[in-house]
Amino acid sequence: MIDLKRLSEPEYRSGMQRKGASADLIGQVAALNDQRHSAQLELERLRAESNTVSKAIGKASPEERPAKIEAAAVVKTALASAEQSYGALADELKALALQLPVPAHESVPDGGEDEGTVVATVGGTPDAPPMDHADFGRHLGWVDTELGADVSGSRFAYLFGGAVQLEFALVQWALAKLMAREFIPVVPPVLVREQMMIDAGFFPTDEHQVYGIGSDDLYLVGTAEAPLAGVHRGQRLTAEDLPFRYCGFSSCFRREAGTYGKDTRGIFRVHQFDKVEMFIWSNPETSWDEHELLLEIEREILDELELPYQVVNIAAGDLGGAAAKKYDCEVWLPSEGAYREVTSCSNYLDYSARRLDTRIKGESGSVFAHTLNGTAIPVARMLVFLMEHYQQADGTFTVPEVLRPFCGGIESIAPRK
RNA sequence: GGAGAGGUGGCCGAGCCAGGUUGAAGGCGCUUCCCUGCUAAGGAAGUAACGGGGCAACUCGUUCGGGGGUUCGAAUCCCCCCCUCUCCGCCA
């Protein structure tokens with residue numbers, strides 16, 4: 001939810017327009033907000049009157065009461081209609097205001113998809129190995145998508161042997177790295193209520209991407225971001241305690257609706273995968289520093305895994321409603337001859353906290369916290385990149401050096417027999 | 001899954017059965033001041049959040065788990081939902 005009070009600020013409006021919000025809609029929301037405000041004045045005036053009248057009845061003598069009660073009933077009728085019109089206005093305003101995105105930050109480039117700015121490039125663009133990740137995964141006996149399809153359907157896979165070893169090595173390595181940066185590790189629930197999905201900003205916009213457990217009114221999260229957003233929901237935080245940095249490990253479930261025929265090979269895009277996600281609650285003044293910290297960590301992970309990548313400052317038109325700025329880290333995928341997204345990090349400013357009602361107590365009143373999130377390790381996809389970059393000519397897999405301590409020291413893994 | 005108890009301000013805890021100066025007693029904590037020759041004890045005052053109006057003093061509204069309802073009036077009565085605790089059952 002945007003800050004309606006700032007709707008009159010030109011920079012606020014232009015930041016939204018750069019993300020594709022129409023000036024028309026913005027003006028409509030502003031006008032509706034003014035209407036709502038005058039309706040509020042009228043409503044509160046009537047409520048005050050009604051309260052006064054009712055209190056007087058309590059003090060009145062028994063003989064006086066019948067007449068006073070009758071008079072109060074008249075006020076009640078007027079109040080009811082004022083309440084109805086205010087409620088209608090407020091609902092309409094809310095529905096429209098929810099369509100407005102948080103304004104893009106000034107450092108975000110204009111444009112839409114594919115118009116982001118590459119802000120860093122590390123490593124080269126090596127040629128494709130003999131086998132692409134899908135074939136190599138099968139060759140190693142690590143990934144079985146046929147079995148996954150048989151048991152659960154397309155876009156499901158079994159991981160065996162070395163893939164599992166690598167998964168836990170990646171996770172442990174990342175958690176150690178993050179804990180050293182004062183992130184608190186979390187294993188959150190992966191089934192959450194509808195209200196949590198709404199508050200975290202996934203509903204209604206992404207509802208079609210989410211699996212629902214209809215029998216219990218619960219939803220499988222697509223990312224740990226959803227339950228992590230709930231950690232401080234409705235709380236009043238103390239400025240000195242911030243930032244709170246969390247890293248959640250969870251399975252993630254995505255319906256991947258509308259992606260038929262896209263990324264069908266291997267486990268690049270699957271319905272279920274595990275992920276380590278970073279989430280930060282920050283003071284408003286320092287959230288941009290925290291955003292850079294998230295990027296720094298994501299880059300460090302790729303640097304140490306020695307994967308070639310580029311960092312993209314996503315263009316305004318390609319940002320989601322909640323993000324004021326987003327970096328994507330894209331690793332070179334040799335078999336496709338292209339950079340593909342592996343991690344990303346966003347600063348939501350107060351957009352999400354407003355809905356979550358997480359505030360920071362201050363001297364005069366309180367302010368909304370800022371929230372940020374970023375991917376640390378998307379396991380399945382990371383395995384895809386590793387299987388291409390660490391594939392050897394003899395059909396073996398070389399374990400990335402930083403992961404060896406977490407793999408019992410082995411340097412190489414041969415195909416499973 | 002069965003049975004019962006309960007959710008009140010930063011915390012504890014009255015009020016609910018008999019609806020009306022109760023936004024809510026009392027206590028703890030916290031803040032300021034007083035006293036005290038010493039980080040104790042005692043005394044006084046203050047101390048919810050959110051939204052609106054006002055330069056301000058201040059004032060109006062909303063909030064007693066959440067949502068509906070009854071009523072002139074609901075923390076108090078009715079309905080639905082959520083959560084916590086206890087006992088039994090089941091179980092990794």
Side-chain angles (χ1 to χ4, degrees), chain A residues 1-8 29-95 97-98 187-200 203 212-219 226-227 229-242 244 250-251 284 350-369:
Chain A
M1 176 63 107
I2 59 149
D3 188 347
L4 291 171
K5 283 183 194 156
R6 295 185 62 191
L7 265 183
S8 55
V29 170
L32 211 50
N33 192 38
D34 290 343
Q35 281 182 51
R36 198 217 90 250
H37 184 243
S38 33
Q40 182 183 0
L41 293 180
E42 173 63 6
L43 174 64
E44 292 190 352
R45 190 187 63 74
L46 283 167
R47 276 186 180 153
E49 186 182 342
S50 169
N51 285 341
T52 312
V53 174
S54 289
K55 274 182 184 164
I57 294 172
K59 284 184 247 178
S61 62
E63 308 84 69
E64 301 177 311
R65 286 198 179 189
K68 283 179 182 274
I69 286 174
E70 226 170 288
V74 176
V75 180
K76 189 194 180 185
T77 313
L79 180 59
S81 90
E83 252 161 5
Q84 203 187 349
S85 55
Y86 176 82
L89 270 174
D91 287 349
E92 193 187 347
L93 172 64
K94 192 179 175 191
L98 280 175
V187 177
V190 293
L191 282 167
V192 302
R193 289 181 206 284
E194 182 180 27
Q195 192 59 51
M196 188 65 251
M197 283 300 206
I198 293 170
D199 292 349
F203 282 7
I213 309 296
S215 54
D216 288 284
D217 273 331
L218 291 170
Y219 297 86
V231 172
H232 293 292
R233 176 168 54 168
Q235 293 186 358
R236 301 295 118 103
L237 309 176
T238 308
E240 296 78 61
D241 296 340
L242 296 175
F244 289 132
S250 83
S251 290
D350 61 355
Y351 188 83
S352 187
R354 197 175 295 277
R355 185 149 29 178
L356 291 163
D357 191 28
T358 303
R359 300 167 195 253
I360 302 167
K361 286 178 291 189
E363 289 299 312
S364 52
S366 58
V367 295
F368 287 105

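Here the structure is a predicted model, which means the values were calculated and not measured. We name chains A, B, ... by the order of the sequence lines, and we start the count at 1 in each one. Computed over heavy atoms, backbone and side chain alike; hydrogens, waters and symmetry mates excluded.
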Checklist entry - Across all strands shown, which nucleotide pairs with B/A57 by Watson-Crick or G-U wobble geometry, both distances under 3.5 Å? => result none
Item to check | Presence of A/Ser50 side-chain N/O under 4.0 Å of B/C72 phosphate oxygens OP1/OP2 | outcome: no
Checklist outcome for this item: Considering only heavy side-chain atoms of A/Gln40, the closest of B/G52, B/C50, B/C72 is B/G52
Checklist entry - A/Lys55 side chain N/O closer than 4.0 Å to the phosphate oxygens (OP1, OP2) of B/G19? => result no
Item to check | Interatomic distance at P, B/A48 relative to B/G10, whole Å | outcome: 10 Å
Item to check | Sequence-aligned protein contact record of nucleotides 75-81 of chain B, with B where the base is within under 4.0 Å of a protein heavy atom and S where only the sugar-phosphate is | outcome: -------
Item to check | Letter per nucleotide, 5' to 3', of nucleotides 53-61 of chain B [B base touched, S only sugar-phosphate touched, - untouched; heavy atoms, 4.0 Å] | outcome: S------BS
Checklist entry - If the C1' atom of B/G23 is compared with that of B/C64, how far apart are they to the nearest Å? => result 9 Å
Checklist outcome for this item: note: A/Leu93, atom CG; B/G51, atom P; distance rounded to Å ~ 15 Å
Item to check | Spacing of A/Gln35 atom CD and A/Tyr86 atom OH [to the nearest 0.5 Å] | outcome: 12.5 Å
Item to check | Interatomic distance at P, B/U8 relative to B/A18, whole Å | outcome: 24 Å
Next on the checklist: Could you tell me how far apart A/Gln195 (CD) and B/G67 (C1') are, to the nearest whole angstrom?
Outcome noted: 11 Å
Next on the checklist: Quick one, A/Leu218 with A/Arg193, criterion side-chain contact (heavy atoms from CB on, under 4.5 Å). Give me CA distance, side-chain angles, the key distance, then yes/no.
Outcome noted: CA-CA 5 Å; A/Leu218 291 170; A/Arg193 289 181 206 284; 4.3 Å; yes
Checklist outcome for this item: In short, A/Ser251 meets A/Val190 closest at the heavy-atom pair O-CG1, 3.6 Å
Checklist entry - Looking only at atom P, what distance separates B/A24 and B/U63, rounded to whole Å? => result 15 Å
Checklist entry - OP1, OP2 of B/G73 versus side-chain N and O of A/Lys76: anything below 4.0 Å? => result yes
Checklist entry - Now, which nucleotide makes the Watson-Crick or G-U wobble pair with B/A5, with each of the two distances under 3.5 Å? => result B/U84
Item to check | B/G13 versus B/C85 - spacing of their P atoms, nearest Å | outcome: 15 Å
Item to check | Gap between atoms CG and P, on A/Leu4 and B/G52 respectively (whole Å) | outcome: 10 Å
Checklist entry - Salt bridge or not for A/Glu83 and A/Arg47, using N-O below 4.0 Å? => result yes
Item to check | Opposite nucleotide pairing with B/G89, Watson-Crick or G-U, both atom distances under 3.5 Å | outcome: none
Checklist entry - Is a side-chain donor or acceptor of A/Ser50 paired with a backbone partner of A/Leu46 at a separation under 3.5 angstrom? => result no
Checklist entry - Below 4.5 Å, heavy atoms only, C-beta onward: do A/Leu98 and A/Ile2 meet side chain to side chain? => result no
Item to check | Selected nucleotide, minimal atom distance to A/Arg193 side chain, candidates B/G20, B/G52, B/C83 | outcome: B/C83
Checklist entry - Looking only at atom C1', what distance separates B/A74 and B/G19, rounded to whole Å? => result 6 Å
Item to check | Rounded interatomic separation in angstrom, taking CG from A/Asn33 and P from B/G51 | outcome: 13 Å
Item to check | Residue met sooner reading RNA chain B from 5', once A/Lys59 and A/Arg36 are mapped to nucleotides | outcome: A/Lys59
Item to check | Basic-acidic side-chain contact under 4.0 Å: A/Arg45, A/Glu42 | outcome: yes
Checklist outcome for this item: Rounded to the nearest 0.5 Å, the CG atom of A/Asp350 sits from the OG1 atom of A/Thr358 at a distance of 11.5 Å
Next on the checklist: Under a 3.5 Å cut-off for both contacts, is B/G73 paired Watson-Crick or G-U wobble with anything, and if yes, with which nucleotide?
Outcome noted: none
Next on the checklist: Quick check on B/C50: is either OP1 or OP2 less than 4.0 Å from any side-chain nitrogen or oxygen of A/Arg236?
Outcome noted: no
Checklist entry - Does B/C17 have a Watson-Crick or wobble mate here (both distances under 3.5 Å), and if so which one? => result none
Checklist entry - Which whole-number value in Å describes the distance from A/Phe368 CZ to B/G51 C1'? => result 11 Å
Checklist entry - A/Lys361 NZ to B/A49 P: how many Å, rounded? => result 9 Å
Checklist entry - Has the side chain of A/Arg233 got a donor or acceptor atom that lies under 3.5 Å from a matching backbone atom of A/Asp357? => result no
Checklist entry - Which heavy-atom pair separates A/Ser352 from A/Ala200 by the least distance, and what is that distance? => result OG-O, 4.3 Å
Checklist entry - What does B/C33 pair with, Watson-Crick or G-U, if both distances are under 3.5 Å? => result B/G43
Item to check | Complementary nucleotide for B/A48 - Watson-Crick or wobble, under 3.5 Å | outcome: B/U63
Checklist outcome for this item: Atom CD of A/Glu64 and atom P of B/G20 are separated, to the nearest Å, by 19 Å
Next on the checklist: Using only atom types and a distance under 3.5 Å, with no angle test, would you say the side chain of A/Arg354 pairs donor to acceptor with the backbone of A/Ala369?
Outcome noted: no
Checklist entry - Could you state the CG-P distance from A/Leu43 to B/U62, rounded to the nearest angstrom? => result 8 Å
Checklist entry - Which class fits the ring pair A/Tyr219 and A/Phe203: parallel under 30°, tilted 30 to 60°, perpendicular over 60°? => result perpendicular
Checklist entry - P atom, B/U62 versus B/U76: distance in rounded Å? => result 15 Å
Item to check | Euclidean distance for C1', B/A49 against B/U86 (whole angstrom) | outcome: 33 Å
